[in-house]
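What follows is a short report on a single structure.
Sequential numbering from 1 along the given sequence is applied to the chain's residues.
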Amino acid sequence: MRELAVLLVDDEPNICWAVKALLRPPRYRLLSLNSGSEALSRLQHESFERFIVDAKLQDMNGLDLARRIRVLNPEAWIVLISAFYYSDDQTVTAALSEGSIQRFVAKPFSHQALLDALDPESSAAEGSDDPLASH
């Protein structure tokens, strides 16, 4: 099983802790950063296959960060997580349609919902064909 490089960008320590506990070697190599500017700086010299981006960061909007990641890495698989947006929000559905993000997971989320969202082969949301995951 090949290790996947994952970048988590979230400014909530509890979310970072939970995701770090979930995405562990040998399946995942996780780097957790607290800001969009840190992420963009890191992407100048390191590559990742999967991204988990919080919608509301202190220094920038997560969707804006996702779009910038997409420019730097057109093959990126980006999962947006949020307690602010919900799956039926027009902003989320538009981002999915335009390809800025591949999956959306509402906070709070189950471990399985996040794992499914990170897997392009998985139906996104706990047994559905919908790219919008929740709990």
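- With respect to F51, the side-chain contact (heavy atoms from CB on, under 4.5 Å) criterion is satisfied by exactly one of L8, V79, L65, N73: N73.
- R27 contributes no side-chain N or O that, together with a main-chain N or O of E3, makes up a donor-acceptor pair within less than 3.5 Å.
- Following chains of ILVMFWY side-chain contacts shorter than 4.5 Å, one cannot reach Y86 starting from L63, and the two form parts of different hydrophobic clusters.
- A donor-acceptor pair under 3.5 Å links the side-chain atoms of R70 to the main chain of A76, judged by distance alone.
- Remark: R103 does not engage D119 in a salt bridge, criterion side-chain N to carboxylate O under 4.0 Å.
- Taking each heavy atom of S35 and V9 in turn, the nearest pair found is O-CG1, 3.5 Å.
- When atom types are taken as modelled, the side chain of E38 and the backbone of L33 share no donor-acceptor pair closer than 3.5 angstrom.
- Remark: the backbone N or O of S37 is paired with a side-chain donor or acceptor of D59 at under 3.5 angstrom.
- Not a single donor-acceptor pair under 3.5 Å links the side chain of R68 to the backbone N or O of G36.
- Using a 4.0 Å cut-off between a side-chain N of Lys or Arg and a carboxylate O of Asp or Glu, E49 and R2 qualify as a salt bridge.
- Checked for salt-bridge contact, D54 and K107 meet the test: a charged N lies under 4.0 Å from a carboxylate O.
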For side chain to side chain donor-acceptor pair (under 3.5 Å), just list the numbers for E98 and S100, CA-CA rounded to whole Å, side-chain angles, deciding distance to a tenth of an Å, and then say yes or no.
-> CA-CA 6 Å; E98 73 185 26; S100 298; 2.3 Å; yes
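- Linking ILVMFWY residues whenever their side-chain heavy atoms come closer than 4.5 Å, directly or via other members, leaves W17 and L31 in distinct clusters.
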Going through the checks in order, is the side chain to side chain contact (heavy atoms under 4.5 Å, CB included) test met by L114 and L22?
-> CA-CA 9 Å; L114 186 60; L22 180 63; 4.1 Å; yes
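- Between the side chain of W77 and the backbone N or O of I101, no donor-acceptor pair lies under 3.5 Å.
- A distance of 9.5 Å separates CG of N34 from CG of L57, quoted to the nearest 0.5 Å.
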